[in-house]
Number of protein chains: 4
Amino acid sequence: MTSADTPLKPCHGPVGEQDAPRRGRPRSEAAEQAIYAAVEKLMEDGTGLSELSIERIAAEAGVGKATIYRRWPNKEALLVDVVARLEEPLPPLGGPTYRDDLISAVDYMRRRGLIKRSRWIVRSALGQMNAWPELKHTYHERVVHPRRQMIRQIVRRGVEEGELRADLDVELLCELLIGPILLRTVLWDDAPLEDPDLPRQMVDAALQGIGARPPAQRASSVPSAS
Amino acid sequence: MTSADTPLKPCHGPVGEQDAPRRGRPRSEAAEQAIYAAVEKLMEDGTGLSELSIERIAAEAGVGKATIYRRWPNKEALLVDVVARLEEPLPPLGGPTYRDDLISAVDYMRRRGLIKRSRWIVRSALGQMNAWPELKHTYHERVVHPRRQMIRQIVRRGVEEGELRADLDVELLCELLIGPILLRTVLWDDAPLEDPDLPRQMVDAALQGIGARPPAQRASSVPSAS
Amino acid sequence: MTSADTPLKPCHGPVGEQDAPRRGRPRSEAAEQAIYAAVEKLMEDGTGLSELSIERIAAEAGVGKATIYRRWPNKEALLVDVVARLEEPLPPLGGPTYRDDLISAVDYMRRRGLIKRSRWIVRSALGQMNAWPELKHTYHERVVHPRRQMIRQIVRRGVEEGELRADLDVELLCELLIGPILLRTVLWDDAPLEDPDLPRQMVDAALQGIGARPPAQRASSVPSAS
Amino acid sequence: MTSADTPLKPCHGPVGEQDAPRRGRPRSEAAEQAIYAAVEKLMEDGTGLSELSIERIAAEAGVGKATIYRRWPNKEALLVDVVARLEEPLPPLGGPTYRDDLISAVDYMRRRGLIKRSRWIVRSALGQMNAWPELKHTYHERVVHPRRQMIRQIVRRGVEEGELRADLDVELLCELLIGPILLRTVLWDDAPLEDPDLPRQMVDAALQGIGARPPAQRASSVPSAS
DNA sequence: CGATAACCGAGACGGTACGTCGAGTCTTGGC
DNA sequence: GCCAAGACTCGACGTACCGTCTCGGTTATCG
C-alpha cells in the first residue's frame, strides 16, 4: 500500500495540453514559470484575492496579459493550477498500525496548513465558492476528495483487518480528523499547527475519546441520549 | 447558567455610534433596513462576494451609494454588520448534563450552518482574511470567540463538577466540536448538516471515541452510537 | 438728462420679494450679506464657476445650504444677483458735447471691466449662455441692454441736435464702442483697460469715420480733445 | 502674400504626439473621430458646457470613458482640440487693396461666428478662463493671436505701401475690427452676423476714422490722433 | 531557405465598479 | 417660519481592472 488510489493528477501544464503537434512558436516555459513565481510572490506579500489582479500578476512577471489568458481562462483557473502545483503527493502510508497511518495522514494535512501559500489558497477558494461552482468542483476534486479518500481507505482496511471497530462512522471520523485542521488553517495565521504531536492527539481523541470519565462510574450517567 | 458570559454585542448601528448629540437630519432607519435587506436578498440569490458590488446593493435597496458609504467605509465592513445582525443569541444551556449542554452548543452551530446567508458569510469572511486583518479580528470577536468561549465554559464546569475528565484538553475538544461543523458548512451546499442527531454523535465521539476496538471491558459501556 | 431711461432695477432682495406680510421668523439679513461676501471672496480668490459650488459658498459663509436655496433657485440665479449688486448706476451724462457723453459712457464700461469680480462675471455669464437661456435673458436685461440703450439715447439726441450725422448706423456704432471693451475685458487679465484715454480714442475713431460731420465745418468742433 | 505667417498648427492628434515609436496597439482613429463627432453633435443639440459630461460623450460616441481620458486629461483639453479641429485656415489675402484684405479678414471672423459650434466654443472658453489658465493660453495661441496677427500684418504692409496712414494705432484698429464680431458672436444666437456687407461697413467705419488716407480736403482736418 | 503560424511584450479597446463630490431636497432640534 | 447641520437620491468625476483585440517583432516547424 502506498499512497491513495486516485493520485492527484497535477493537471499541471495549464489548459490546452493537446498532444496534437503544435505548430508555430511554442509557448515559453520561462513565461509560465515567471507567472507562477509572480503569483506566489504576491500571495506571500499579503495580497488579497481581490487585489491579486491579472494586470498586477502580468506586471510582476514582466509578461503580457494575453500570455496569461492564453494559458488560463481567468484568474481563478490560474489559482487552481497554482494550488495544484503546490500540492505535494499524498504521504506514503503503510505504518505498523492503521492508527499510525491516520496520524500520518493528519500530519500531512497539518504540514500543508503550515505553508502560507497553502493557507492563502484555502481561504480564497472557500471565499469564491459562493459564486463560482467550477472552482468548488475543482477544489473538491483536487484537494478535498483525495484527502477524504485517503482516510476512508485507511479506515476501510483497518476495519477489515480488525484494528478498528466495524460499526465506525467513517464519514464522521473523516470530519473529526479534517475539520480541526481546516479550522486551524483558515482562522489563524500565527499557526497553531506547529505542534508535531497534534495529529497523534487528534487521532487518539477521535478513536478513543478525550472527555468521558472512566466508564465504571459513568455507565448510568450517559443514558444514551435521544 | 444562561448563555455565555460575553454576550454578542451586536454592534448594530454601524460605524460612529457616538453618544454626542448628533446634529442635522438623523440617519434614516428605513434606508439602513433597506440596505440590509438588499444585501441579504442578493446573498440569497447566489451572488458572490465579488459580484456583490456597492452599486448593485444601492440599486437593489433604492438608495444612493453615498448613503451606504456614510455608514460603512467599504463592502467588507458592511458584511461584518450583516453577519452581526444575523447572529442570534447563543443558546440557553443548563441541561441535565454537561454532555447535553455540549450537544446544545454544537447543535446551535449546526443550525447556523444551515442558514444560507450564514454559510455565505462564513465563506466570504474566510476569503477576505488574507487581505483584511480588520475583518479577521471582527469575525473572531463576534463569531469565533463567543462560540469557543461557550464550549470552554461548559467544559470547565463539567470538569469542576466531575462529569468530565480533569485532564481534558479543552482546546482540542473545541476544535473537535467546531471543526467538523465548519467543514460541513463551508464545503458543501447540499447541506450535510441536516441530520439533527449529528451533534450528539459528534459530542459522543469526541468524548468517548468512535474508533478504537473495545478493550474488553469497554465493549458494553458504549452501546449506543447507532 | 441724467442717466438712462430704464434704470437698472437691482432686483436686490432675491427671489420671493412678496409684499404679503410674511409670518414667522424673518429672513436673516446677516445671512444674506454673508452669502454675498462669501461669493465675492471666492471669486476674488480665483475660483472658477464650476468650482464655485453652493456647498463651498455655504461653508465659506457659515450658512446652511437651505438658506441659500431659500433665496435663489440655483447657483446661476445667485450669480445674477451678485452681478446686479455690483452694477453701479449708469454714469450721469450731459457733458458739453455728445461726443463727451459717449466718452463718458465708454469710460464707464472701461472702469467696470477693470473690476476683477466684474470680469469674472462677464466671462462666467458668457460661458453659461449656451445652456441657460434664462441667464442670457437676465444678463441682457440687466447689463447688455441698459448699456446699449444709454449709447442709443446719446446718439439719438446728438443727431436731433445736429452734432452727429443723421445717417449714422446706430447699431454699428454701439458695437464699435462696446465690442473692443468687451474684448479687452474677457480676453486679458493684465488689464489693457487701464489707459484712461482709451475711451476718447475709441470714440474719436468711431465718430470720425462714420459719424463726423463733413470736415470743413467740423474742423473747429473737434478740437482734438485732451 | 497668402495667409498668415504662423499658420494655425492644428495640433490635431491630442496629447502625447511623441515621435518615439509607440509600442502596443495603436490608438484607434475611429474612436477619436467618434469622440469628436459626439462632442460636436452634443454641442449642436444645445448642451451646455456643464451638461457636456465625459460620460455622455462616451455614451454618445459608443466609447469607453478610459478611451477619452487616455487622450485628454479633462473635458476642457478635449474642447481645445475640438476648437482646433474646427478652425479652418485663415483666408487667403492679397486683394486689390489692403482695405479689401481687411474686409476679407473681418469676413472670415464673421463667418466663423455664424457656425453654431464655433459660437458654443468661444463662449465656453471664455467661461473657463477664470479658472483654467492653460485653456486661456491655448485659446489665445490658437485663435486670438493668429487673428490679430493677420490684421497686424495687413496693416503693416498697407502702411509700408502707403495705402494706410503711418500713424495708425494698430492695436486699436484690431480691436475695432475684432471686438464687434466677438460681441455679436457671444451675445446673440439669432445671428446678427448674417449681413455679408457687415465687414465692409466695419472696415470703412474704422478706416475712415483712423486709417484712411486723407482725401485731399480732409488732410488738414484730422491732424490729431496721437 | 522562405513561408507560415503561433508565440511574445505592450498597450488600446468597450465595459463595470470603485469611492468621492456636488446638486438640489428633506428633516431634525433650536430660536 | 427661519436657522445650521447634515441626511437623502441622483449623477458625474477620474481610476483600476476586466477580458479581448491589435500592433511590431520573434521563434519554431513545414514545405
Side-chain angles (χ1 to χ4, degrees), chain A residues 21-28 30-31 50-59 61-75, chain B residues 21-31 50-59 61-71 73-75, chain C residues 22-28 30-31 50-59 61-75, chain D residues 21-28 30-32 34 50-59 61-71 73-75:
Chain A
R22 307 292 239 98
R23 305 206 310 173
R25 176 176 174 175
R27 298 230 174 118
S28 157
S50 51
E51 282 99 54
L52 189 66
S53 60
I54 292 281
E55 300 221 325
R56 199 171 296 192
I57 295 169
V63 141
K65 283 203 293 176
T67 300
I68 297 181
Y69 282 110
R70 214 172 279 123
R71 290 166 165 74
W72 299 276
N74 49 48
K75 187 163 61 172
Chain B
R22 305 291 245 102
R23 305 209 303 178
R25 178 175 173 177
R27 300 255 170 95
S28 159
E29 181 62 25
S50 50
E51 282 97 53
L52 189 66
S53 61
I54 294 282
E55 300 220 325
R56 197 175 296 192
I57 295 170
V63 142
K65 279 200 293 177
T67 299
I68 298 181
Y69 283 110
R70 213 172 279 123
R71 290 168 164 74
N74 48 49
K75 192 162 55 173
Chain C
R22 308 292 238 100
R23 305 205 309 174
R25 176 174 171 177
R27 296 224 176 125
S28 157
S50 50
E51 281 98 55
L52 190 66
S53 60
I54 293 282
E55 301 220 326
R56 199 171 296 192
I57 295 170
V63 140
K65 282 203 292 177
T67 300
I68 297 181
Y69 282 109
R70 213 171 280 123
R71 289 167 166 75
W72 299 276
N74 48 48
K75 188 162 59 172
Chain D
R22 304 291 246 106
R23 303 210 301 176
R25 178 173 172 177
R27 301 254 170 95
S28 157
E32 204 154 308
S50 50
E51 282 97 54
L52 190 65
S53 62
I54 294 281
E55 300 220 327
R56 198 175 295 193
I57 295 170
V63 141
K65 279 201 294 177
T67 299
I68 298 180
Y69 283 111
R70 214 171 277 126
R71 290 168 165 74
N74 48 51
K75 192 161 55 174

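Proteins come first, then strands; the chains are lettered A, B, ... in the order of their sequence lines, and each starts at number 1. Worth knowing before you read on, the calculation uses all heavy atoms, side chains too, and leaves out hydrogens, waters and symmetry mates.
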(request) Using a cut-off of strictly less than 4.0 Å, decide whether A/Arg56 has a side-chain nitrogen or oxygen near OP1 or OP2 of F/dC17. (result) yes
(request) Among the candidates E/dT20, F/dC18, F/dC13, find the nucleotide nearest to the side-chain atoms of A/Tyr69. (result) F/dC18
(request) Using heavy atoms to find the nearest nucleotide of DNA chain F for B/Val63 and D/Leu52 separately, return the residue whose nucleotide is more 5′. (result) B/Val63
(request) Can you measure from CZ (D/Arg27) to CD (D/Glu32) and round to the nearest 0.5 angstrom? (result) 8.0 Å
(message) What is the separation between atom CZ on C/Arg70 and atom P on F/dC2, rounded to the nearest whole Å?
(response) 6 Å
(request) Starting from C1' on E/dT20, measure out to NZ on B/Lys65 and report it in whole angstrom. (result) 9 Å
(message) Rounding to an integer number of Å, can you tell me how far D/Glu55 CD sits from F/dC10 C1'?
(response) 12 Å
(request) Could you state the atom-to-atom distance from CZ of B/Arg27 to P of F/dA5 in whole Å? (result) 17 Å
(request) Determine the minimum heavy-atom distance between C/Arg71 and C/Ser28, stating which atoms define it. (result) NH2-O, 3.0 Å
(message) Expressed as a whole number of angstroms, how long is the span from C/Arg71:CZ to F/dA4:C1'?
(response) 13 Å
(message) Need one value for C/Ala58: base, sugar-phosphate or nothing, where a base atom within 4.0 Å counts as base even if backbone is also close, heavy atoms only.
(response) nothing
(request) Rounded off to whole Å, could you give me the CD1-to-P distance for the B/Ile54 and E/dG19 pair? (result) 6 Å
(request) Could you say whether D/Ala66 or B/Arg25 is positioned toward the 5' end of DNA chain E, judged by the nucleotide with the nearest heavy atom to each? (result) D/Ala66
(message) Do D/Thr67 and D/Arg70 have side chains that approach each other closer than 4.5 Å (heavy atoms only, starting at C-beta)?
(response) yes
(request) Identify the heavy atoms of A/Ile54 and A/Lys75 that sit nearest to each other, and give their distance. (result) CD1-CA, 4.1 Å
(message) Rounded at 0.5 Å granularity, tell me how far CG in D/Asn74 sits from OH in D/Tyr69.
(response) 8.0 Å
(message) Need one value for B/Thr67: base, sugar-phosphate or nothing, where a base atom within 4.0 Å counts as base even if backbone is also close, heavy atoms only.
(response) base
(message) From CD of D/Glu51 over to C1' of F/dC13, roughly how many Å is that when rounded to an integer?
(response) 16 Å
(request) Please report, rounded to the nearest Å, how far the P atom of F/dG19 is from the CG atom of A/Asn74. (result) 6 Å
(request) Let me know, please, whether B/Pro26 or C/Ala31 comes out on the 5' side of the other along DNA chain F by nearest nucleotide. (result) C/Ala31
